[in-house]
Trainee: 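I'd like to ask you about the structure that follows.
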Amino acid sequence: MGRKEKLLSKILLGRADANIPFMGLRSLLVSLGFEERIEGSHHVFVREGIDKMLNLQKEGTNAKPYQVKQVRELLKELDIAEE
């Protein structure tokens, strides 16, 4: 199991939202087909065919826990976690 697969599994389990590395989450979203736009400290991710956008920020070196939860909910809702 590769690094991205491990991170995806960790996100989907939802037991460590406060310990998800921001750069890893960013890389995972890009590999899942999301396009990133940076506006100040906000990293906005959009994907063609999806009306929702993800707005992420760093908290130290990690992503903010509530934003990791939003990513998990979107991945599960759209069933794109297995791509």
Side-chain angles (χ1 to χ4, degrees):
M1 184 181 280
R3 184 178 292 173
K4 288 182 184 176
E5 291 83 10
K6 286 181 183 179
L7 181 60
L8 179 59
S9 176
K10 191 175 180 181
I11 291 169
L12 293 175
L13 287 174
R15 295 186 187 148
D17 288 354
N19 294 317
I20 302 296
F22 180 81
M23 294 307 288
L25 180 58
R26 180 190 162 276
S27 176
L28 176 67
L29 289 172
V30 170
S31 74
L32 290 173
F34 285 86
E35 293 182 30
E36 179 183 28
R37 183 177 73 238
I38 301 171
E39 297 176 4
S41 65
H42 297 262
H43 293 250
V44 179
F45 294 87
V46 295
R47 182 173 161 175
E48 190 173 320
I50 299 175
D51 292 333
K52 295 181 182 180
M53 70 176 185
L54 295 168
N55 185 356
L56 305 180
Q57 291 177 284
K58 288 183 183 181
E59 188 169 81
T61 59
N62 292 328
K64 292 186 175 186
Y66 78 93
Q67 293 173 340
V68 173
K69 181 179 177 185
Q70 291 173 349
V71 169
R72 178 177 47 258
E73 290 172 355
L74 181 63
L75 294 178
K76 286 182 175 181
E77 177 184 326
L78 300 172
D79 198 30
I80 59 174
E82 298 301 322
E83 291 182 4

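Remember, it's a predicted structure, so these values are computed and weren't measured experimentally.
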Trainee: What pair of heavy atoms forms the shortest contact from Ala18 to Pro65, and how long is it?
Mentor: CA-CG, 3.7 Å
Trainee: Above 12 or not: heavy atoms from other molecules or residues under 6.0 Å from CD of Glu48?
Mentor: no
Trainee: Where is the tightest heavy-atom contact between Leu12 and Lys76, given as atom of each residue plus distance?
Mentor: O-NZ, 3.4 Å
Trainee: Who else is in Val44's hydrophobic cluster (ILVMFWY, side-chain heavy atoms under 4.5 Å, direct or via others)?
Mentor: Val46, Met53
Trainee: Return the NE2 to CE distance between His43 and Met23, rounded to the nearest 0.5 Å.
Mentor: 7.5 Å
Trainee: Could you tell me whether Glu73 atom CD has more than 12 heavy atoms of other residues or ligands within 6.0 Å of it?
Mentor: yes
Trainee: Is there side-chain contact between Glu59 and Gln67, with at least one heavy-atom pair below 4.5 Å?
Mentor: no
Trainee: Got a second to check how far Gln57's CD is from Lys64's NZ, nearest 0.5 Å?
Mentor: 4.0 Å
Trainee: Apply the side-chain contact (heavy atoms from CB on, under 4.5 Å) test between Val68 and each candidate in Leu56, Asp17, Asn19, Asn62; give the one that qualifies.
Mentor: Asp17
Trainee: Work out which heavy atom in Arg47 is nearest to a heavy atom in Gly33; give both atom names and the distance.
Mentor: CG-O, 3.6 Å
Trainee: Once rounded to the nearest 0.5 Å, what's the spacing between atom CG of Leu25 and atom CZ of Arg72?
Mentor: 11.0 Å
Trainee: Using a cut-off of 6.0 Å, state whether more than 12 heavy atoms not belonging to Lys10 lie near its atom NZ.
Mentor: yes
Trainee: Please report the shortest heavy-atom distance between Lys4 and Ser27, naming the atom on each side.
Mentor: CE-OG, 3.3 Å
Trainee: What's the separation between atom CD in Gln70 and atom CG in Leu54, rounded to the nearest 0.5 Å?
Mentor: 7.0 Å
Trainee: As a quick check of understanding, evaluate side-chain contact (heavy atoms from CB on, under 4.5 Å) for Leu75 and Leu8, giving each step before the final call.
Mentor: CA-CA 10 Å; Leu75 294 178; Leu8 179 59; 3.9 Å; yes
Trainee: Could you give me the CA-CA distance, side-chain angles and deciding distance for Leu28 and Ser31, then say whether side-chain contact (heavy atoms from CB on, under 4.5 Å) is met?
Mentor: CA-CA 5 Å; Leu28 176 67; Ser31 74; 4.1 Å; yes
Trainee: Nearest 0.5 Å, please: how far is CG in Leu78 from CD1 in Ile50?
Mentor: 4.5 Å
Trainee: Walk me through whether Phe45 and Arg26 qualify under side-chain contact (heavy atoms from CB on, under 4.5 Å).
Mentor: CA-CA 9 Å; Phe45 294 87; Arg26 180 190 162 276; 3.7 Å; yes
